[in-house]
There are 2 protein chains.
Amino acid sequence: MNYSRQREQVLRTLKENVVHPTAEYLYEILRNKNPKISLATLYRNLNQLAEAGVIKKIDGLESSAHFDHNTHEHYHFICDECKKVFDISANVAPDIISKTETETGFKIKGHDIVFHGLCHECREKKGEQ
Amino acid sequence: MNYSRQREQVLRTLKENVVHPTAEYLYEILRNKNPKISLATLYRNLNQLAEAGVIKKIDGLESSAHFDHNTHEHYHFICDECKKVFDISANVAPDIISKTETETGFKIKGHDIVFHGLCHECREKKGEQ
DNA sequence: CCTTAATTGATAATTATTCTCATTTTTTCA
DNA sequence: TGAAAAAATGAGAATAATTATCAATTAAGG
């Protein structure tokens with residue numbers, strides 16, 4: 001990944017914002033500095049920077065929503081390889097709500113934990129430890 | 001919410017599937033039972049059922065991705081009211097990865113926790129406890 | 001400098017989802 | 001029962017977010 005003025009601008013704009021902007025919001029800000037910048041360039045750079053670990057993309061599951069008839073509290077794991085979604089028991093993070101409410105003063109109405117990685121099967125297939 | 005054959009079918013199809021299907025996948029299955037069923041009906045019913053708490057929709061943030069220049073481990077809270085995104089310190093769920101890896105045998109490469117509810121400001125505005 | 005590789009801007013395409021609206025189905029209750 | 005009101009449907013248009021395409025521009029390195 002080599003230097004470009006646009007990538008520089010994307011990164012700086014992101015850093016100058018305290019909140020966690022969407023691409024749309026960033027685009028508006030960016031156009032003030034550089035009215036010619038293309039939306040595609042913004043998305044490209046955000047993805048590249050996230051890929052490189054310079055920034056982070058916050059999005060639970062990638063594209064489409066998944067539905068679950070199991071409504072008792074539990075979490076999910078999505079396999080990077082086969083894209084299957086698995087249940088994770090809720091007791092991996094027990095008092096997470098009360099802890100967070102106390103710490104923040106926010107009223108928590110719900111939460112979701114999504115893990116990703118390699119499921120058992122794909123792990124074996126790839127021979128990865 | 002009153003009875004309809006299509007809603008019945010949507011719910012049954014979801015329950016008969018062990019995995020956590022996407023709408024697209026459900027649609028394919030549903031069309032075998034009812035070739036006339038509309039995609040809009042499927043989405044409508046999934047949302048209604050989720051709204052009513054009969055099923056659960058798994059999707060971290062609703063629509064668009066948010067980006068964060070802060071790459072050290074932390075979580076996020078999105079306010080249902082003003083849609084702002086806040087940081088939550090990672091220590092609300094400390095050994096969540098090791099615990100999950102031990103419990104599942106999966107290789108965890110990352111995870112995201114997204115809370116939602118009312119932020120401090122909106123909580124006061126709405127006078128909600 | 002010159003060549004090669006990376007990046008850009010403009011825009012088309014795609015994907016997932018929601019909206020619209022005329023028609024059909026369900027519910028209610030006289 | 002069965003007529004009126006309310007809810008739900010199907011078909012397809014619309015939207016929103018994101019990705020792909022591709023010719024033109026810019027960066028990097030010998």
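By convention in this document, chain letters (A, B, ...) are assigned in the order of the sequence lines, proteins followed by strands, and residues within each chain are numbered from 1.
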Below 3.5 Å between N/O atoms, which protein atoms pair up with nucleotides 26-30 of chain C? Just atom names and distances, please.
residue	atom	partner	partner atom	Å
C:dT27	OP1	B:Y3	N	3.4

Set of side-chain contact (heavy atoms from CB on, under 4.5 Å) partners for A:S98, sequence neighbours left out: A:D95

Non-neighbouring partners of B:H76 that pass ring pair (Phe, Tyr, Trp, His ring centres under 6.0 Å), sequence neighbours left out: A:H20, B:H74

Any A:T41 side-chain N or O less than 4.0 Å from OP1/OP2 of C:dG9: yes

Non-neighbouring partners of A:E121 that pass salt bridge (Lys or Arg N to Asp or Glu O under 4.0 Å), sequence neighbours left out: A:K125

N/O donor-acceptor pair under 3.5 Å between B:T41 side chain and B:I37 backbone: no

Listed partners of B:R7 passing side-chain contact (heavy atoms from CB on, under 4.5 Å), at least two apart: B:M1, B:N2, B:S4, B:N45, B:Q48, B:L49

Residues which pass side-chain contact (heavy atoms from CB on, under 4.5 Å) with A:N91, listed by chain and number, not counting sequence neighbours: A:S89, B:E103

Linked hydrophobic residues, B:I29 as query - side chain contacts closer than 4.5 Å: B:Y25

Other ILVMFWY residues reachable from A:Y75 by side-chain steps of under 4.5 Å: A:F77, A:F86, A:I88, A:V92, A:I96, A:I97, A:F106, A:I108, A:I113, A:F115, B:Y75, B:F77, B:F86, B:I88, B:V92, B:I96, B:I97, B:F106, B:I108, B:I113, B:F115

Listing time: all N or O pairs from protein to nucleotides 19-22 of chain D that are below 3.5 Å?
residue	atom	partner	partner atom	Å
D:dT19	OP2	A:N47	ND2	3.0

Counterpart residues, salt bridge (Lys or Arg N to Asp or Glu O under 4.0 Å), relative to A:K99 (two or more places apart): none

Side-chain N or O of A:Q6 closer than 4.0 Å to phosphate OP1/OP2 of C:dG9: yes

Axis bend over the full length of the helix from C:dC1-D:dG30 to C:dA30-D:dT1, computed from five pairs that close each end, to 10 degrees: 30°

Residue list, salt bridge (Lys or Arg N to Asp or Glu O under 4.0 Å) with A:E28, at least two apart or on another chain: none

